[in-house]
Every structure is written in structure tokens, then in C-alpha cells.
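This structure is a prediction, so every number in the text was calculated from the model and none was measured. All ligand and atom numbering here is 1-based and tracks the order in the structure.
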Amino acid sequence: MESPRVDTAATYLDWNATAPMDAAAIDAMTDAARRWGNPSSVHGEGRRAKAMLEAARRDVANALGVQPEAVIFTSGGTESLGLALNGAACGARIVSDVEHDAVLRQAAGAHICPVTADGVLDLEALERLLVEVEGPPLLALMHANNETGAIQPVEDAAVMVRAAGGRLLADCVQTAGKLRMPSADFIAVSAHKLGGPPGVGALVARCLDGLEAVQKGGGQERGYRAGTENLPGIAGFAAALAARAADRCWLDRVAGLRAAMESRLRDIAPDVVIAAAGVERLATTSAIRLPGVVASTQLIALDLAGIRVSSGAACSSGKVRASHVLSAMGWSAETASETIRVSMGWTTTEDDVARFIEAWAKLAARRGK
Ligand code: PLP
């Protein structure tokens, strides 16, 4: 079965929001649904379900390069982050100010560490915070930013946090299946960003010491996450991760597409601004400011042209609001409001990018008319 496109008539460039599901993931889910059972039941169906669950756990661990015992299945990125932020023993929590709302809104009272103008964690500010806070710290830092793609200095931060007796939680929702996982103590992963179904993910807990369940109930997931496991979802998650692990070349191809696209946009409108252009970015992601045209106008015009992109941050209501990421990088509300996000994935083609450039060029040409 071919991997389905989201909408064959449209050009989908919003992969950081969600990715089309892999055919292999759909097959694995259907298979798991047919061979249903509760992994906690002791009878035949239960034992069969348990074997499928543990096979999926091994596959996920293998693809992420971690130990199977470290994998705790959850309902996705948000829950995984919440489990580490609220379940891991620590004296103080520190979060960067460009974290996803899934971190910022589940870490009330956390110390906020600023980023540089390029949207990368300010390591000197972190150093100062680590001296100030009381008790072993838990730092939450994303591997790559979902709006700009800026890769964060996770390894450097891990060394500093561990030297202060603390632990690091890496939000790898945008990088799992794409980049090598960092050596963080906790890693949050979500299936729907990598070709699996929504509503399933994992917290990789390399260190289970002091970790307490947040969602309590039955003793599933060795007591760290109660609730009957979403076996079809988990099977789809494992199959999608295996598909990503089997082909790492697409990311280089997409890096080439993005470089060509950004260079073309600069030719068309020399005043275009690409956020975090000066630092290493996830190859799929481009945050593009077209001065003089608000993002909502750009989104509508592009959507009418059959091109799906997003503004930096859209809340679940679908309303566009100012991006806290660009604002943390020192952008004004006005400049941030002129910025859209283009994000690519494994089936993105040169034609997709060409269609986007053509429609964007029309928007740029209309300015001042
Ligand atoms: N973290 C980042 C960086 C994200 O981009 C997202 C989703 O957009 C999340 C966390 C939340 O993941 P989920 O949708 O699986 O809850």
C-alpha cells in the first residue's frame, strides 16, 4: 500500500502540525485491532496482546536507540512531558522560554531560562539559574523548536544540569524518527509527528528513580502510567518509527529543498526574514516573515491556492495568536504577526515547494500595490 497523502489535491507543508500516517502504520494498527485483547488479561487473548505490546516496545526502543525497559507508552507528547514534569522527583523545574505550551502550561512556577536572538537556549543564563535554584533541578528543553526548527544545545545543557545534580527532559516530539536521540534522562516522543497515529507516544525514562505516575489507576506500564494500553496505536507508532529508521536519506533531500526554497524567496523579496537562520535548524522547518503582510492574509491566500502551511502558533481553537517563540527571540508583535511556518516531510517533493514559491511570490508582488 502506498503512503497516503493528506489531500491529494493540496500541497501539504504543515508537517510539524501532524504528518500523514504511513501505510505500514495503518496496516499494523489494523492487524493489532483484529488480534484484540487486553495485555493485562491472563488468558490466551491477553497473553497474545501482551506479546504484541512487548514486541512493539522493543521495536520503538530499537528505533530510538534506547533500552526497552525505559519506554513508557502514553497518549502522546503532551502526556509524556506532563509525566516527567510532574512525576519526576526534583527540587526545582527550569524550562526554556521557547518550549511548547505542553511544557509551559504543565510546569507552573518553573524558572524560565531565556534564549538568544537566534532562539537557542542561553547557556550562560542557564549556568546562573543552576546556581540560584534550590534542590536538584529538572530542566525541560526541546530538541528542536516546532516553529523555527532551531536545534537546542541539549547535550551541553545535560552536562551542566547533571553537574548541578539534576536531570534533563528533552522534548523530542519534532525530532524523533528524524535525528539521533540526545543523551537526556527523559525523552518525550509523539507518534503523529512521525507517521504514526495521533493519541499515542512515549516517555523514555532512562532513570526511573523517583518517577511517580501522574495518571493513576491499574498498574499498567509497570505502574508509571495507568490505563489499558492503546495497542493498535502503539503498533502503528512502532511501525512508523521503523519506517523512519529504514530511510534516513529523506532528511538530506528535504534539507536541499529548504535551502533552495529560502534562497529563491530571498531573490523574490530581499527583505524576507527567516527566523533562526544563523543557527543549526531541523531541515524540515522554515519560519518565514514577509514584511507588510499579516500571517492570516498569507494563510488564507495560500490556502485558496491549495497550499497548507501554518502561522507560528495556532491554538487549538484555530485562532492565530502571537508567537511566544518569536517574542522570546526579541521580535515585536508586529514582525511576529507577519510570519508563517512552512514544514516539510518525507514525501515532500520539489513540485510542492515550487507551488508554494509561486503562490508566495504573488503575495510578495501584491505588496504596496
Ligand atoms: N512538543 C512539541 C515540540 C510539539 O510540537 C508538540 C505538538 O505540536 C507537542 C509537544 C505536543 O505533542 P502531542 O500533540 O503529541 O500531545
Side-chain angles (χ1 to χ4, degrees), residues 12-21 25 60 64 71-86 95-107 110 115 119-121 139-152 154 168-179 181-182 184 186-204 214-215 225 227 230 233-234 236-238 240-241 244 275-276 281-282 284-287 308-318 320-321 323-326 328 341-345:
Y12 188 71
L13 293 171
D14 196 16
W15 290 66
N16 284 14
T18 199
M21 259 176 74
V60 165
L64 294 175
V71 175
I72 301 167
F73 287 118
T74 65
S75 66
T78 301
E79 189 194 328
S80 300
L81 291 162
L83 172 54
L85 284 165
N86 295 305
V95 302
S96 93
D97 59 0
V98 293
E99 294 308 300
H100 192 274
D101 273 350
V103 167
L104 296 176
R105 303 191 69 171
Q106 294 195 90
V115 294
V120 168
L121 187 78
L139 170 69
L141 180 60
M142 62 206 330
H143 196 189
N145 186 268
N146 49 302
E147 292 185 35
T148 65
I151 308 267
Q152 301 297 324
V154 173
L168 186 113
L169 159 63
D171 176 352
C172 294
V173 166
Q174 292 293 348
T175 57
K178 299 172 191 160
L179 304 182
M181 290 294 90
F186 301 102
I187 293 174
V189 179
S190 176
H192 75 103
K193 308 284 187 185
L194 53 88
V200 62
L203 178 71
V204 173
V214 170
Q215 182 165 304
R225 196 275 184 182
N230 170 7
I234 290 168
F237 175 25
L241 256 181
R244 299 290 75 76
R281 283 175 296 150
L282 185 62
T284 53
T285 309
S286 224
R308 316 300 190 220
V309 298
S310 70
S311 66
C315 43
S316 51
S317 64
V320 175
R321 63 179 159 78
S323 155
H324 71 279
V325 172
L326 297 177
R341 179 184 70 186
V342 170
S343 54
M344 310 183 198

Engineer: Taking Glu99's backbone N and O only, do any of them form a donor-acceptor pair with His324's side chain (distance below 3.5 Å, no angle check)?
Structural biologist: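 Looks like yes, one N/O pair under 3.5 Å.
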Engineer: Which bit of Val173 gets closer than 4.0 Å to ligand 1, counting heavy atoms only: side chain, backbone, both or neither?
Structural biologist: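 Val173 to ligand 1: side-chain contact only, backbone stays beyond 4.0 Å.
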Engineer: Do His143 and Ile187 come close enough that some side-chain heavy atom pair is under 4.5 Å?
Structural biologist: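 The answer is no; the side chains never approach within 4.5 Å.
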Engineer: Can you find a pair of side-chain heavy atoms, one from Phe73 and one from Asn230, that are under 4.5 Å apart?
Structural biologist: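 No, side chains not in contact.
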Engineer: Give the atoms of ligand 1, by number and element, whose distance to some non-hydrogen atom of Gly76 is under 4.0 Å.
Structural biologist: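 So the atoms of ligand 1 that pass are 15 (O).
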Engineer: Which atoms of ligand 1 sit under 4.0 Å from any heavy atom of Asn146?
Structural biologist: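 Answer for ligand 1: 3 (C), 5 (O).
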Engineer: Within a strict 4.5 Å, meaning less than it, do heavy atoms of the Met181 and Cys172 side chains meet?
Structural biologist: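 When only atoms from C-beta onward are counted, Cys172 and Met181 do touch, with a gap below 4.5 Å.
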Engineer: Please state which protein non-hydrogen atom is closest to atom 5 (O) of ligand 1 and give its distance, to 0.1 Å?
Structural biologist: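 Protein heavy atom with the smallest distance to atom 5 (O) of ligand 1: Gln174 NE2, 2.8 Å.
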Engineer: Going by heavy-atom distance to atom 11 (C) of ligand 1, choose the closest among Thr78, Asp101, Val200, Thr74.
Structural biologist: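 The option holding the nearest heavy atom is Thr78.
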Engineer: Return the option from Ala191, Pro198, Ser75, Gly77 holding the heavy atom at the smallest distance from atom 12 (O) of ligand 1.
Structural biologist: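 Ranked by closest heavy atom to atom 12 (O) of ligand 1, first place is Gly77.
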Engineer: Can you confirm whether Leu194 sits close enough to Val189 that some side-chain heavy atom of one is under 4.5 Å from a side-chain heavy atom of the other?
Structural biologist: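 Contact flag for Leu194/Val189 side chains = yes.
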Engineer: Considering non-hydrogen atoms of the protein only, which is the closest contact for atom 4 (C) of ligand 1, and what is the distance?
Structural biologist: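 Minimum-distance protein heavy atom for atom 4 (C) of ligand 1 reads His100 CD2, 3.3 Å.
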Engineer: Do me a favour and list the nearest non-hydrogen protein atom to atom 1 (N) of ligand 1 with residue, atom name and distance?
Structural biologist: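 Its nearest protein heavy-atom neighbour is Asp171 OD2, 2.7 Å.
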Engineer: Who's the nearest protein heavy-atom neighbour of atom 14 (O) of ligand 1, and how far?
Structural biologist: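 For this ligand atom, the closest protein heavy atom is His192 NE2, 2.9 Å.
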Engineer: For ligand 1, which atoms sit closer than 4.0 Å to a heavy atom of Met142?
Structural biologist: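 This gives 3 (C) as the contact atoms.
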Engineer: Should Ser286 and Arg281 count as side-chain neighbours, where that means a heavy-atom distance under 4.5 Å?
Structural biologist: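 They are in contact (side-chain heavy atoms under 4.5 Å apart), so the answer is yes.
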Engineer: Distance under 4.0 Å to a non-hydrogen atom of Ser190: what atoms of ligand 1 satisfy this?
Structural biologist: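 So the atoms of ligand 1 that pass are 13 (P), 15 (O).
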Engineer: Examine ligand 1 and decide if any of its atoms is less than 4.0 Å from a heavy atom belonging to Glu99.
Structural biologist: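 In this structure, Glu99 fails to qualify as a contact of ligand 1 - no heavy atom is under 4.0 Å.
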Engineer: For the residue pair Gln152 / Ser96, report whether a side-chain donor-acceptor contact shorter than 3.5 Å exists.
Structural biologist: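 Their side chains do not contain a donor-acceptor pair, so the 3.5 Å distance test is not met.
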Engineer: Between Thr175 and Ala144 (side chain of the first, backbone of the second, donor and acceptor by atom type, cut-off under 3.5 Å), is there such a pair?
Structural biologist: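 No: the side chain of Thr175 does not pair with the backbone of Ala144.
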Engineer: Mark yes or no for whether Ser343, through its side chain, and Asn16, through its backbone, hold a donor-acceptor pair below 3.5 Å.
Structural biologist: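 Yes: the side chain of Ser343 pairs with the backbone of Asn16.
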Engineer: Heavy-atom pairs closer than 4.0 Å: do any link ligand 1 to the side chain of Lys193, the backbone, both, or neither?
Structural biologist: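 Lys193 to ligand 1: side-chain contact only, backbone stays beyond 4.0 Å.
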